[in-house]
Amino acid sequence: MRYSQYLLPTLKETPGDAEVVSHQLMLRSGMIRKIAAGIYDYLPLGLRVIRKVEAIVREEMNRAGAIELLMPMVVPADLWEESGRWQQYGRELLRFKDRKETDFCLGPTHEEVITEIVRGTLRSYKQLPINLYQIQSKFRDEIRPRFGLMRGREFIMKDAYSFDLTDSDADEAYDRMYQAYRRIFQRCGLKFRAVEADTGNIGGTSSHEFMVLADSGEDAIVSCAICDYAANVEKAELRPPASSEKQTASLKAVVTPNRKTIEEVSAFLNVASQRTVKTLIVQTDTGEVVAVLLRGDRELNTIKLCHVLACEWVELAPEEKIKKITGAPSGFSGPVDLPLKIFADLEVEGMSDFVVGANQIDTHYTGANHGRDFSVAQFADLRQAESGDFCPRCDGTLEVWRGIEVGHVFKLGTKYSEAMNATVLDEKGQERTLVMGCYGIGVGRTAAAAIEQNHDEFGIIWPMPLAPFQLIISIINPNDQTVLEAGEKLYQELLKQGIEVLFDDRDERPGSKFKDADLIGIPLRVNVGARALKEQSYELQDRRSGDRKMLPMHEAAEQLIKMIDDAMNVTAE
Ligand code: ATP
Ligand code: MG
């Protein structure tokens with residue numbers, strides 16, 4: 001591709017509304033343009049990267065035995081009525097009517113459509129197992145679209161769906177996808193972790209998220225420093241403390257004027273925050289109001305609490321309600337004489353003689369003990385995992401990382417097949433409901449995550465497998481005919497060998513060409529200039545290391561092809 005004839009509108013300034021590096025660099029390198037909130041054009045350079053990710057995904061899906069098809073983006077409401085999701089799915093589902101007033105939506109995910117295809121086309125267990133996938137634009141009317149392709153409203157996803165006769169066959173299908181996903185992200189050259197994920201209320205039984213490690217990630221994950229346990233913090237199990245402390249103190253009310261937060265109270269009473277217990281008054285979507293006890297320095301994990309309470313969401317009760325129930329402002333809530341059902345974190349079970357609120361303004365209790373001063377309805381794992389917590393599987397400790405969810409594999413069970421009556425006949429001629437799995441990869445988000453992991457102050461540093469071009473040839477003096485011809489010769493030779501080359505033949509200062517080359521992140525740059533040519537050489541510069549070396553002209557193409565081949569197969573650890 002000749003740069004002079006390409007559409008590559010690079011920007012010098014960082015656009016103001018782009019918060020994360022990948023968003024800034026995608027805009028600056030002319031990969032994408034915003035057309036509305038969360039909706040982007042993929043300009044030629046951006047599309048090349050998208051196609052690279054898609055090609056890797058497609059190859060690995062095919063290798064794992066999945067079959068590609070394409071479903072419509074516009075989906076009739078009937079199907080969503082059948083699964084019950086027309087009512088359930090929130091406002092992320094963009095619903096609209098056609099000219100005949102029939103309801104439709106833009107597909108945010110395609111369980112309904114695929115289940116309709118399978119129930120209409122499969123009859124016998126002999127046609128199983130089957131796994132069908134597509135690579136297609138999805139639409140989710142995200143409440144806060146941001147970070148460019150990372151959280152768009154329209155975005156490209158690979159979604160696959162497996163159908164099996166038995167649970168154990170479905171487990172195998174899941175494992176195949178899990179392995180395929182590992183290969184995909186390895187081949188993209190990314191550092192990632194596969195983590196256990198919460199299955200929410202979708203009714204599934206098991207799920208893993210594939211997280212690219214990056215400080216800007218929206219998700220927090222934990223992984224064990226010793227074994228291979230890794231989980232989303234939403235899900236991370238915590239080991240209960242090994243022993244209980246003895247109860248020795250008696251309950252005593254102390255005045256704590258204006259000290260509401262745990263920090264204020266522990267500083268005022270001169271006790272460590274680990275010796276305090278905080279009482280959160282929370283309410284649920286089902287109308288329940290309960291108290292939750294946590295060690296003072298811990299955070300509540302609302303997802304774990306939702307599982308214990310069998311509800312969809314929980315939130316802190318409003319101040320007025322807290323005052324009405326406890327008789328005091330929120331900073332002074334405590335479990336003693338509290339007219340609420342009390343749930344406590346496992347860690348609190350092992351504690352004794354701790355500080356709690358006294359349900360009276362400016363007052364706390366010291367020497368509080370459960371069992372004696374108040375009773376707990378249920379002890380459960382309710383807190384957020386933190387760095388240094390014990391691994392639930394071995395003697396190791398957990399580390400916390402930030403990650404970007406690029407892929408998600410999910411055992412769905414029979415939720416959709418049952419609701420939509422997708423069955424086949426087994427060997428005895430009996431009708432059997434199919435067992436499903438679903439498997440998504442965000443294509444644009446993967447490209448964005450690659451930039452989050454691979455950039456410097458000058459721009460993107462593409463891993464070779466995702467690079468829009470593998471190599472850029474910069475003509476230092478395009479007005480010098482010999483130089484231009486020498487560059488052209490190398491360009492043609494490489495093109496013939498199937499190398500993806502950007503040929504920077506623009507009549508610009510070398511400095512500004514180099515800046516653009518660094519910004520768009522092409523892994524290898526060959527500078528063609530009068531000085532090197534005198535020595536029958538080109539100059540090669542590596543984008544990542546910045547190292548330069550001279551390449552003798554006669555073996556340049558051969559050497560470059562070898563370097564590119566090697567780099568295509570390198571995987572990040
Ligand atoms: P998130 O928790 O980030 O909102 P999700 O769990 O809703 O994502 P899935 O339904 O599991 O997403 O979708 C599969 C994949 O599609 C995700 O792993 C992610 O890579 C991608 N994806 C989901 N939502 C978006 C979005 N708004 N923009 C870009 N990619 C997305
Ligand atoms: Mg997900």
Side-chain angles (χ1 to χ4, degrees), residues 193-209 211 213 217-225 229-242 261-263 273-274 276-286 288-318 322 330 333-335 340-351 354 356-357 370 376-393 396-405 408 410:
R193 294 273 190 290
V195 307
E196 290 180 12
D198 184 64
T199 50
N201 294 315
I202 304 181
T205 47
S206 168
S207 144
H208 284 88
E209 287 163 341
M211 297 282 189
L213 304 178
E218 288 184 290
D219 286 277
I221 63 176
V222 294
S223 68
C224 177
Y229 180 74
N232 194 313
V233 284
E234 290 179 348
K235 153 103 183 175
E237 300 157 40
L238 290 168
R239 227 201 286 164
T261 65
I262 290 292
E263 294 79 55
S273 56
Q274 291 91 325
T276 67
V277 166
K278 62 181 166 196
T279 306
L280 306 175
I281 314 288
V282 303
Q283 58 187 22
T284 71
D285 58 310
T286 50
E288 207 175 350
V289 181
V290 302
V292 179
L293 306 188
L294 294 172
R295 200 174 87 179
D297 57 333
R298 302 300 197 188
E299 293 300 322
L300 173 66
N301 182 321
T302 53
I303 292 183
K304 290 179 179 175
L305 182 60
C306 281
H307 285 308
V308 170
L309 298 177
C311 64
E312 295 270 334
W313 51 259
V314 295
E315 61 182 10
L316 289 178
I322 293 176
S330 55
S333 303
L340 287 177
K341 200 167 172 185
I342 296 175
F343 293 83
D345 181 56
L346 291 177
E347 206 170 34
V348 174
E349 193 169 14
M351 292 174 68
F354 42 83
V356 291
H370 59 77
V376 171
Q378 188 182 341
F379 289 100
D381 176 8
L382 294 175
R383 74 174 173 92
Q384 196 89 333
E386 291 172 16
S387 253
D389 277 332
F390 289 114
C391 172
R393 301 275 188 275
T397 50
L398 300 178
E399 294 169 85
V400 177
W401 308 80
R402 303 239 36 116
I404 300 167
E405 181 200 320
H408 197 170
F410 210 105

**OP:** Could you pull out all residues at least two apart from E237 that satisfy salt bridge (charged side-chain N to carboxylate O under 4.0 Å, His left out)?
**Re:** R393
Original post:
What pairs with D285 under side chain to side chain donor-acceptor pair (under 3.5 Å), at least two apart in sequence or on another chain?
Top reply: none
Original post:
Taking atom NE2 of H208 and atom CD of E405, what is their separation to the nearest 0.5 Å?
Top reply: 13.0 Å
Subject >> Minimum heavy-atom distance between M211 and V195, given as atom pair plus value >> reply: CG-CG2, 4.0 Å
Original post:
Looking at residues at least two apart in the chain, or sitting in another chain, which of them share a side chain to side chain donor-acceptor pair (under 3.5 Å) with T284?
Top reply: T286
Original post:
Is it true that a side-chain atom of D219 and a backbone atom of N232 form a donor plus acceptor pair closer than 3.5 Å?
Top reply: no
Original post:
When rounded to the nearest 0.5 angstrom, what distance separates CG in L309 from NZ in K341?
Top reply: 8.0 Å
Subject >> Main-chain N/O of L213 paired with R402 side-chain donor or acceptor, under 3.5 Å >> reply: no
Subject >> Residue pair V222 / D389, side-chain heavy-atom distance below 4.5 Å >> reply: no
Original post:
Can you name the closest pair of heavy atoms from G357 and P335 and give their distance?
Top reply: O-CD, 4.4 Å
Subject >> Heavy-atom pair of closest approach, residues C224 and G396 >> reply: SG-CA, 4.0 Å
Subject >> Exercise: identify the closest heavy-atom pair between R383 and D345 >> reply: N-OD1, 3.4 Å
Original post:
To the nearest 0.5 Å, how far apart are OG in S273 and CD1 in I262?
Top reply: 7.5 Å
Original post:
OG1/T302 to CG/L280 distance, rounded to the nearest 0.5 angstrom?
Top reply: 11.0 Å
**OP:** Output the distance between atom CG (L382) and atom CD (E347), rounded to the nearest 0.5 Å.
**Re:** 11.0 Å
Original post:
Is there a side-chain contact (heavy atoms from CB on, under 4.5 Å) between I281 and V289 once you walk through the steps?
Top reply: CA-CA 7 Å; I281 314 288; V289 181; 3.8 Å; yes
Subject >> Sequence neighbours excluded, every pair satisfying salt bridge (Lys or Arg N to Asp or Glu O under 4.0 Å) that has a member inside residues 299-311 >> reply: K304-D381
Original post:
CG/L346 to CG/L294 distance, rounded to the nearest 0.5 angstrom?
Top reply: 10.5 Å
Subject >> 4.5 Å side-chain heavy-atom contact, V376 and I342 >> reply: yes
Subject >> Closest contact, heavy atoms only, A220 versus V400 >> reply: CB-CG1, 4.4 Å
Subject >> Nearest non-hydrogen partners of H408 and S207, listed with the distance >> reply: NE2-OG, 2.9 Å
Subject >> With sequence neighbours excluded, residues passing ring-ring contact (aromatic ring centres under 6.0 Å, His included) with F379 >> reply: H370
Subject >> For T397, all residues meeting side chain to side chain donor-acceptor pair (under 3.5 Å), sequence neighbours excluded >> reply: none
Original post:
Quick one: does R298's side chain have a donor or acceptor within less than 3.5 Å of a partner on Q384's backbone?
Top reply: no
